[in-house]
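Quick notes on the structure that follows.
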Amino acid sequence: MAALIIVVPILNLAVPADSPLHVSTYAVTLMGRYLCFALLALSLDLVWGYCGILSLGHGAFFALGGYAMGMYLMRQIGDRGVYGDPILPDFMVFLGWEELPWYWLGFDQFWFAALMVLAVPGALGFVFGWLAFRSRVTGVYLSIISQAMTYALMLAFFRNEMGFGGNNGLTDFKDILGFSISAPSTRVALFVASALALALSYLICRAIVRSRLGRVVTALRDAEPRTRSIGYRTDRYKLWVWTVSAMLAGLAGALYVPQVGIINPSEFSPLNSIEAVVWVAVGGRGTLFGAALGGALVNYAQTLLTAWLAELWLFVLGGLFVAVTLFFPRGLVGLLRRRERP
């Protein structure tokens, strides 16, 4: 990550565009997206690989973080929108809204938006986890209700009455922190921010899984009834890790939105959460590094294959998941580690 943070900006900003070593702004943005997906995969691996909770709803936390950042970016447009209203976003003017909803207040400040990026997914994760883990919902039942959660949010955000742009979502962003969002230097800064966030999140997750708390979480993954029988409140341990994971997923979504320039309800699609599970499985469940690597590599493969055989990508993705499950269930990192053994 340190090498990427140093080399990529130099090759983009300092190397001439006609040089074979030049990295285009488009490539920088693409790599920034891969890093965001790697962070999402990392957050999922924390709960699936170490806590044994297969979440099919982490796309909801990712999307909520993205919407929090999108609301800040929309407030920065001001009177430069199509309708020229300095307060209301264009879609609200179009729909006849007369005043800004209360839940949009404060998003004109970056610090408030940054707080909401973590607080909103974290709050949803806490409430969902408290209800589920307190009721001892586990296994496939937890996976199903997590998927139902993200599907319900998708349907809600499609409604214009919610005040989040409906089907079109939030887009047409202009500035971030006073800098043009389309400028090459801003794209490089977003890439560096994504890389730093991924590196810091990896260190946080690594510290968690190597701590006493992490050992307890791993124990309840392998034998929750036995862990509970010796006096541990397993629901509290799972709730803590689940909430941290939701906040990391929200951070990934917040970094993703300014780089792609749009956030809409399709980000809540259950398919996105299922794809994240595939990334973790391909890279290596329960390895952290492997999960992040899988998130980046699978999306890079998607970029290549959709350019050649767009209609076959989902079949390739499904086949990849089946192959990983059957032939190397520990993923790419597990396969490499097995080959390194004498």
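What you see is a predicted model; the values in this text were computed from it and never measured. We count residues from 1, following the sequence as given. These numbers come from the heavy atoms of this one structure, side chains and all, not from hydrogens, waters or symmetry mates.
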Problem - is_close_aromatic(Y103, F164), centroid dist under 6.0 Å - result: yes
Point to revise | Within-4.5 Å side-chain heavy-atom neighbours: P89 and M74 | key: yes
Crowded around F112 CZ? As in, over 12 foreign heavy atoms under 6.0 Å?
yes
Cluster overlap I10 with Y26, hydrophobic side-chain contacts below 4.5 Å = no
Exercise. Does atom CZ of R159 have more than 12 heavy-atom neighbours from other groups under 6.0 Å away?
Worked result: no
Main chain of G283, side chain of D45: is a donor-acceptor contact present, judged purely on distance under 3.5 Å? no
Please determine whether side chain to side chain contact (heavy atoms under 4.5 Å, CB included) holds for the pair L317 and F321, giving the CA-CA distance in whole Å, both sets of side-chain angles, and the decisive distance to 0.1 Å. CA-CA 6 Å; L317 186 66; F321 185 64; over 6 Å; no
Nearest heavy-atom approach of S273 to A60 is OG-N, 4.4 Å
Of all heavy-atom pairs linking M162 and A156, the shortest is CG-O, 2.8 Å
L39 side chain reached by Y202 side chain, heavy atoms, under 4.5 Å:
no
| Is the side chain of W48 donor-acceptor paired with the backbone N or O of A281 at a distance under 3.5 Å, no angle test? | no
| said: Between R187 and S182 (side chain of the first, backbone of the second, donor and acceptor by atom type, cut-off under 3.5 Å), is there such a pair? | reply: no
E224 vs K238, test: side chain to side chain contact (heavy atoms under 4.5 Å, CB included). Steps then yes/no.
CA-CA 11 Å; E224 183 174 354; K238 291 195 291 186; 3.1 Å; yes
Take the angle between the ring planes of Y72 and F110 and call it parallel below 30°, perpendicular above 60°, tilted in between. perpendicular
Pair V277, L54 - check side chain to side chain contact (heavy atoms under 4.5 Å, CB included), show working. CA-CA 8 Å; V277 172; L54 176 57; 3.9 Å; yes
Side-chain heavy atoms of V23 within contact of M31, under 4.5 Å
yes
Notebook entry, point to check: Just by distance, do the side chain of D90 and the backbone of G81 share a donor-acceptor pair under 3.5 Å?
Noted result: no
Quick one: are the ring centres of H58 and W242 less than 6.0 Å apart? yes
query: Can you tell if the side chain of L288 reaches within under 4.5 Å of the side chain of Y50, non-hydrogen atoms only?
result: yes
task = Flag the pair R80 and D175 as a salt bridge only when some basic side-chain nitrogen lies within less than 4.0 angstrom of an acidic carboxylate oxygen.
result = yes
Query raised in the report: Mind checking whether C51 and L46 have side chains closer than 4.5 Å, heavy atoms only?
Result: no
Task: 4.5 Å side-chain heavy-atom contact, L30 and T303 - done: yes
Could you tell me whether E161 atom CD has more than 12 heavy atoms of other residues or ligands within 6.0 Å of it? yes
Q: Give the intermediate values and the outcome of side chain to side chain donor-acceptor pair (under 3.5 Å) for residues S194 and Q259.
A: CA-CA 10 Å; S194 301; Q259 297 184 79; 3.0 Å; yes
Sidechain-backbone polar pair: T287 side chain, G284 backbone, donor-acceptor under 3.5 Å: yes
Margin query: Around atom CZ of F158, are there more than 12 heavy atoms from other residues, nucleotides or ligands closer than 6.0 Å?
Written below: yes
Nearest heavy-atom contact between T243 and G122 is CG2-O, 3.6 Å
Inset, instruction - Kindly indicate whether the side chain of M92, heavy atoms from C-beta on, has any atom under 4.5 Å from the side chain of L100. - result: yes
message: Tell me whether S19 contacts the main-chain N or O of P16 through its side chain, where contact means a donor paired with an acceptor under 3.5 Å.
response: no
Nearest heavy-atom contact between A197 and L255 is CB-CD1, 3.5 Å
Smallest heavy-atom separation, T186 atom then I176 atom, equals CG2-CG2, 3.8 Å
Is the ring centre of F268 less than 6.0 Å from the ring centre of F62?
no
Main chain of D235, side chain of R228: is a donor-acceptor contact present, judged purely on distance under 3.5 Å? no
Given V7 and L11, is the side chain to side chain contact (heavy atoms under 4.5 Å, CB included) satisfied, shown in steps? CA-CA 6 Å; V7 173; L11 295 181; 3.6 Å; yes
- Query: Would you say L13 and V188 make side-chain contact, with heavy atoms under 4.5 Å?
  - Reply: yes
Between L248 and C205 the two heavy atoms that sit nearest each other are CD1-SG, 3.6 Å
* Asked: Are the side chain of S211 and the backbone N or O of I208 linked by a donor-acceptor pair below 3.5 Å?
  -> yes
Stepwise side chain to side chain donor-acceptor pair (under 3.5 Å) check, Y237 with T227: CA-CA 11 Å; Y237 284 91; T227 307; over 6 Å; no
**Study point:** Exam field: side chain R221 to backbone G49, donor-acceptor pair closer than 3.5 Å
**Key:** yes
